[in-house]
Structures are given as structure tokens and as C-alpha cells.
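The sequence lines fix the lettering, A, B, ..., with proteins before strands; numbering per chain opens at 1. Everything quoted here is computed from the prediction, not taken from an experiment.
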2 protein chains.
Amino acid sequence: MNVQLNNFNSKREAILNSTLVLVKEYGFHGAPMSQIAKHANVAAGTIYHYFDSKETLIVELYIRTKDQLAEAILEGYDESKSYKDRFFKFMINQYNFYIQNEPAMVFLEQYINSPFAKNFPEKDSILFKEKVIGFFQAGIDGDYFKKIDPRLLGPTIRGTLVAAANFRLSEHMIYSEEDITEVVQIVWDGIKRQ
Amino acid sequence: MNVQLNNFNSKREAILNSTLVLVKEYGFHGAPMSQIAKHANVAAGTIYHYFDSKETLIVELYIRTKDQLAEAILEGYDESKSYKDRFFKFMINQYNFYIQNEPAMVFLEQYINSPFAKNFPEKDSILFKEKVIGFFQAGIDGDYFKKIDPRLLGPTIRGTLVAAANFRLSEHMIYSEEDITEVVQIVWDGIKRQ
DNA sequence: TGCGACCGAATGAACGTTCAATTAAACAAT
DNA sequence: ATTGTTTAATTGAACGTTCATTCGGTCGCA
């Protein structure tokens with residue numbers, strides 16, 4: 001067991017998690033480095049041992065969070081199921097990830113609509129790009145979906161799921177499998193080949 | 001003709017427009033008051049003649065922009081048309097507003113995902129609430145749509161249109177009536193009663 | 001003894017906001 | 001019309017605060 005690596009990871013992870021929580025709560029400019037340090041129980045200077053600047057901290061947090069999202073979406077992937085079933089599984093996984101990780105969802109939405117996304121378009125999760133986007137591309141190629149550009153499809157799906165998750169969270173509603181399926185049905189009905 | 005009123009409006013409007021452009025370009029914290037003042041050709045102090053603080057400037061800009069969006073959506077409203085036709089008109093109007101006002105679209109998206117929206121939920125466009133949300137509510141009550149909570153319906157529709165507008169803008173594609181209708185069809189197919 | 005992890009006070013730049021001074025406009029009296 | 005008076009609009013340098021970042025030093029392990 002490499003203790004040094006553990007320490008490395010634990011402080012680094014604490015900083016990332018604190019950034020996620022504080023950015024969600026107060027926005028990018030409302031989450032100063034001093035507060036992030038305090039929340040993560042490290043000194044302000046320690047952050048700069050792991051990250052070059054606040055900017056790179058945010059960008060690396062984005063990639064890590066999107067990686068986590070991709071992993072959550074891909075969980076229980078079963079090649080033997082029908083495309084529609086796999087699509088529903090993807091959507092429900094994504095929805096559940098948002099419900100269970102509100103800070104992650106809010107952060108991702110903030111990031112996408114911030115100048116960061118425009119300034120570092122190449123900084124993104126490789127896992128998400130290959131597996132998730134790839135799956136949607138297969139749906140278009142396989143004639144399950146309308147002939148939509150996949151770059152349009154992704155944000156469309158995300159928009160609906162985020163809207164639904166935001167709504168459920170704001171209403172403090174209790175988790176219900178039917179609710180989720182209803183929302184996914186909206187997405188599916190919209191984009192499937194009629 | 002009231003010259004005083006003209007001057008009042010012109011400086012105030014210049015400040016609002018500059019804020020819109022700079023926030024779109026650099027984000028909330030990347031658009032300092034000094035830069036907004038310079039861009040609007042006024043002194044820094046002048047901003048505080050019209051707005052109490054940067055916070056209220058942003059909130060008032062949000063309300064004004066959403067009012068403009070509502071007006072654009074309602075343009076050419078024809079009660080004699082079918083609900084579906086009116087819905088398509090609404091959607092196409094909204095889409096066109098986004099395409100023609102990219103800074104407004106980006107600003108609205110940033111605002112919705114910022115702490116402002118959570119801190120001042122009551123600060124919003126009355127016109128939008130009454131006319132646009134009201135129209136969607138009528139669609140649910142009149143059994144044109146699935147039985148969806150209207151608070152879920154709004155963001156769902158917005159998410160798709162914004163995704164589409166963002167995509168068209170990023171690709172610098174030429175305006176095409178068919179493209180728009182295709183996107184609106186996705187929304188309609190998703191939420192209409194099957 | 002050396003080295004990387006870590007600390008936190010210090011730094012200087014940038015920011016939102018203020019305010020005393022200036023100019024322009026509106027109004028009143030003549 | 002002219003002048004004097006009041007009010008509003010505008011300015012930009014100055015202020016105090018906050019912020020991201022730095023750096024000299026401490027600690028603990030190899």
C-alpha cells in the first residue's frame with residue numbers, strides 16, 4: 001500500500017469535492033480559494049500543490065465529474081438487451097445520477113454555460129465521448145432515431161433530463177420508477193423514428 | 001418630446017446592453033463594472049445612478065431580457081389558429097429569438113444556472129409567466145399534451161430549443177425553415193398525447 | 001539528510017462601490 | 001427672453017475589501 005499516494009489522493013479529492021459543493025452553492029466567483037481550502041481542511045497554498053490555478057482546478061473538476069457521469073450512465077450495460085431497453089437504461093441511470101448528485105448536476109450545467117466550456121472545448125471526458133456519444137451515434141446509424149445530428153441529440157436529451165431532475169429535486173419528491181420512465185418516454189417519443 | 005426621459009433611457013439601456021454582451025463573453029465575474037462602464041461609454045459611477053448594485057443590475061437585465069423573449073414568442077399570435085399551429089408558432093418564434101439574439105440566449109442560460117435564480121426566484125418576467133406559461137397550461141388542460149407538470153414542461157421545451165439554437169449557431173449554419181420545424185417536431189412528438 | 005507534502009501569513013492586483021465636484025437640465029420669477 | 005435657483009445627471013479618482021497566488025518555512029517519512 002502506497003501511503004503517499006493515498007495522501008495525495010485524499011487531499012486532492014477533498015479539494016475537488018469542496019469546489020464542487022461551493023461552486024454549486026455560490027457560483028464560480030462566489031467560491032473563493034480561501035473558502036474552498038477551509039471547506040476541504042487544507043491550507044490555501046496546498047491547493048496550488050495539486051492545481052496550477054483556479055482555472056485548471058475548475059476544468060479538472062469538470063472532467064472528473066463528467067467521467068463520473070459517464071460511469072454512472074454505463075452501469076449495468078447489457079449488450080444483449082434491445083437498443084430501446086439499453087437507451088432507457090442509459091436515461092434512467094443518467095437521471096438517477098443527477099438526483100443523487102445535485103451538486104454535480106448543477107456544476108455541470110454551470111460549466112456548460114460558462115466561458116470555460118468555450119475556452120477549453122478539448123478538455124472533456126474521453127469516456128463520455130466514446131461510450132455515451134458513441135451509443136447515440138449507433139442509434140442514429142441503426143435507424144432507431146430520426147436523422148438528427150448527434151451534436152444536437154446530446155444536448156436535447158440532457159436538457160430534458162436536467163429539467164426533470166431539477167424539478168423533482170426542487171419539489172423534494174420521492175423517488176418513483178414511474179416518474180422517471182414517464183420523462184424518458186418524452187425523450188424517446190421525441191427522437192424515435194415514428 | 002421628453003428629452004430627459006430619452007437620456008434616462010439611452011444611458012440605462014446602454015448599460016444593460018453592455019452588461020449583456022460582456023456577461024455573455026466573459027461570464028458574471030469576468031465582466032467587471034469598470035469594463036461595463038467603458039463599453040457603455042459612461043463613467044463607472046453612472047451605473048450606480050441607475051442600479052443599486054451589480055446584483056440588481058444583473059437581476060433587472062434578466063427580467064428585461066425575459067420580457068423581450070416573451071414578446072418575441074407572442075409575436076403574430078392568432079387565436080383562430082389550431083392549438084398545434086399556435087404551439088409551432090410559439091416554438092419557431094422562440095427559436096428565432098435565440099438565433100438572432102445569441103447574447104440574450106447565453107445570458108439567460110447562465111442566469112438560470114446561477115445562484116441568482118435561486119436567490120431571487122420571485123424576480124421574473126410577468127409577461128412570460130402569464131402568457132407563455134399560461135399557454136402551455138392550456139395545452140395540458142385541453143388534453144393536447146401528456147399529463148405533465150407545467151413546471152417540467154417549460155424547462156424541457158427550453159432545453160431542446162436552446163440545444164438546437166446553440167448547435168446552429170456554433171455551426172454557423174444558414175437559417176432554414178425546415179431545420180426549425182424538424183426540431184419543433186421533436187418537442188411536439190415528445191409531449192403530445194399519443 | 002533530503003525531499004515532497006503542507007502550511008498560512010504576506011502580497012499585490014482587481015474589484016465593487018462611494019463621493020465630492022462638475023455639468024446639464026428644468027423650472028420660476030421677472 | 002433673461003436671469004437666478006433648484007434639481008438631476010454624470011464624472012472619475014479614491015477607498016476599502018476581497019481575491020488568487022506566492023513563498024519562506026515546518027513537518028514527517030525514507
Side-chain angles (χ1 to χ4, degrees), chain A residues 1-62 107 110-111 114-116 119-120, chain B residues 1-62 107 110-111 114-116 119-120:
Chain A
M1 171 108 81
N2 192 335
V3 175
Q4 191 182 1
L5 186 65
N6 270 348
N7 284 343
F8 179 85
N9 280 336
S10 71
K11 295 247 168 182
R12 196 187 136 93
E13 287 298 303
I15 292 165
L16 285 168
N17 289 331
S18 296
T19 307
L20 187 69
V21 170
L22 292 172
V23 167
K24 182 239 153 184
E25 194 77 20
Y26 306 110
F28 288 123
H29 85 282
M33 295 298 253
S34 57
Q35 212 185 325
I36 291 170
K38 193 175 284 181
H39 189 276
N41 281 317
V42 299
T46 305
I47 298 177
Y48 290 87
H49 185 71
Y50 296 101
F51 305 97
D52 284 347
S53 65
K54 189 176 185 180
E55 199 171 62
T56 63
L57 167 60
I58 298 285
V59 173
E60 290 194 35
L61 176 58
Y62 168 70
F107 172 79
Q110 280 197 36
Y111 186 92
S114 77
F116 291 104
N119 291 342
F120 310 103
Chain B
M1 172 107 80
N2 191 336
V3 176
Q4 188 184 1
L5 186 64
N6 270 348
N7 285 342
F8 179 86
N9 279 337
S10 71
K11 295 246 166 180
R12 197 187 135 93
E13 288 297 304
I15 292 165
L16 285 169
N17 289 332
S18 296
T19 306
L20 186 70
V21 170
L22 292 172
V23 166
K24 182 239 152 183
E25 193 78 19
Y26 306 110
F28 288 124
H29 87 282
M33 296 297 255
S34 57
Q35 211 184 327
I36 291 170
K38 193 175 283 180
H39 189 275
N41 280 317
V42 299
T46 305
I47 298 177
Y48 291 86
H49 185 71
Y50 296 100
F51 305 96
D52 284 346
S53 66
K54 190 175 184 180
E55 198 170 65
T56 63
L57 167 59
I58 298 287
V59 172
E60 290 194 35
L61 175 58
Y62 168 70
F107 173 80
Q110 278 197 37
Y111 186 92
S114 78
F116 291 103
N119 292 342
F120 311 102

Is B/K11 close enough to D/dT11 that one of its side-chain N or O atoms is under 4.0 Å from OP1 or OP2 there?
yes
Along DNA chain D (nearest heavy atom to each residue), the more 5'-positioned of A/T46 and B/A43
B/A43
Do A/F28 and A/F116 make the cut of ring centroids closer than 6.0 angstrom?
yes
How many Å lie between OH on B/Y48 and P on C/dG16, as a whole number?
6 Å
CD1 of A/I58 versus P of D/dT21: gap in Å, rounded?
11 Å
Around B/D52, counting heavy atoms of other residues, nucleotides and ligands shown, do more than 12 lie under 6.0 Å from its CG?
no
Say whether, by atom type as modelled, one donor and one acceptor occur between the side chain of B/T56 and the main chain of B/S53 under 3.5 angstrom.
yes
Selection from C/dG16, C/dT17, D/dG12 that lies nearest to any side-chain heavy atom of B/S53
C/dT17
A/G30 or B/V42: which one's nearest nucleotide on DNA chain D is closer to the 5' end?
B/V42
Using whole Å, what does the distance between atom C1' of nucleotide C/dG8 and atom CD of A/Q35 come to?
17 Å
Looking at B/L20 and B/F107, what are the two nearest heavy atoms and their distance?
CD1-CB, 3.5 Å
Whole-Å distance between D/dA9 C1' and B/I15 CD1?
11 Å
N/O donor-acceptor pair under 3.5 Å between B/S18 side chain and B/A14 backbone
yes
Of the listed nucleotides (C/dA9, C/dT18, D/dA20), which one gets closest to any side-chain atom of A/M33?
D/dA20
Any side-chain N or O of B/H49 below 4.0 angstrom from OP1/OP2 of D/dT10?
no
Starting at atom CG of A/L57, determine the distance to atom C1' of D/dT21, rounded to an integer number of angstrom.
13 Å
Please state how far atom CD1 in B/I47 lies from atom C1' in D/dT11, giving the value in whole angstrom units.
12 Å
Whole-Å distance between D/dT10 P and B/K38 NZ?
20 Å
A/N41 CG - C/dC7 C1' separation (whole Å)
13 Å
